[in-house]
Amino acid sequence: MTQADASVSSAQDAFDIATARYKGGVDTYLEMITAQQVLLGNQRQAVQVRGQQFATAVYLVKALGGGWRENPHRISRRN
């Protein structure tokens with residue numbers, strides 16, 4: 001589990017608690033929405049981190065001499 005995933009998990013727990021407290025009449029709607037805002041921000045950051053990891057992996061493969069090349073002889077058109 002990455003740090004970004006851990007922050008999402010923690011924010012999800014906080015949101016669940018805030019939602020339960022709101023439904024129970026203990027917390028205000030503002031506190032629940034604030035917890036949701038933190039959760040969404042953490043989820044967005046986790047997705048950005050994962051995307052950057054994928055991009056970095058592609059750059060590494062290219063730097064090591066790997067890559068994807070189309071073979072024009074493999075593509076045949078049937079008329």
Side-chain angles (χ1 to χ4, degrees):
M1 177 180 273
T2 66
Q3 186 175 2
D5 293 332
S7 69
V8 169
S9 178
S10 177
Q12 181 68 57
D13 292 343
F15 175 66
D16 292 343
I17 291 169
T19 301
R21 289 175 56 92
Y22 170 71
K23 288 180 179 179
V26 178
D27 276 348
T28 65
Y29 184 70
L30 178 61
E31 291 175 12
M32 184 185 73
I33 292 300
T34 301
Q36 184 180 37
Q37 184 179 15
V38 170
L39 172 61
L40 293 174
N42 289 351
Q43 288 173 332
R44 186 173 337 155
Q45 185 177 15
V47 168
Q48 288 172 344
V49 166
R50 188 151 293 121
Q52 187 62 41
Q53 287 172 338
F54 288 138
T56 301
V58 169
Y59 296 143
L60 176 63
V61 168
K62 282 185 166 185
L64 294 174
W68 294 268
R69 285 185 270 155
E70 287 188 30
N71 186 349
H73 301 293
R74 285 184 28 198
I75 301 172
S76 63
R77 294 186 180 184
R78 296 180 184 179
N79 294 329

Exercise for the section: Look at R21 together with D16 and state whether they make a salt bridge at an N to O cut-off of under 4.0 Å. Expected result: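 Looking at D16 together with R21, the answer is no, because their closest N to O distance does not fall below 4.0 Å.
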
Problem - Donor-acceptor pair between T2 and D5 side chains, under 3.5 angstrom - result: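 T2 vs D5: donor-acceptor pair found between side chains.
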
Between [atom1] on residue [X] and [atom2] on residue [Y], distance to nearest 0.5 Å:
X   : Y   : atom1 : atom2 : answer
Q43 : S7  : CD    : OG    : 9.5 Å
Q45 : Q3  : CD    : CD    : 8.5 Å
N42 : S10 : CG    : OG    : 8.0 Å
F15 : L39 : CZ    : CG    : 7.0 Å
Q48 : Q53 : CD    : CD    : 12.5 Å

Practice task
Please report the closest heavy-atom contact between A18 and A35, naming both atoms and the distance.
Solution key: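 Looking at all heavy atoms of both residues, the shortest contact is CB-CB, 3.8 Å.
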
Practice task
Is it possible for you to say whether Y22 and I33 belong to one hydrophobic cluster, with membership spreading through side-chain heavy-atom contacts below 4.5 Å?
Solution key: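 Shared cluster, yes.
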
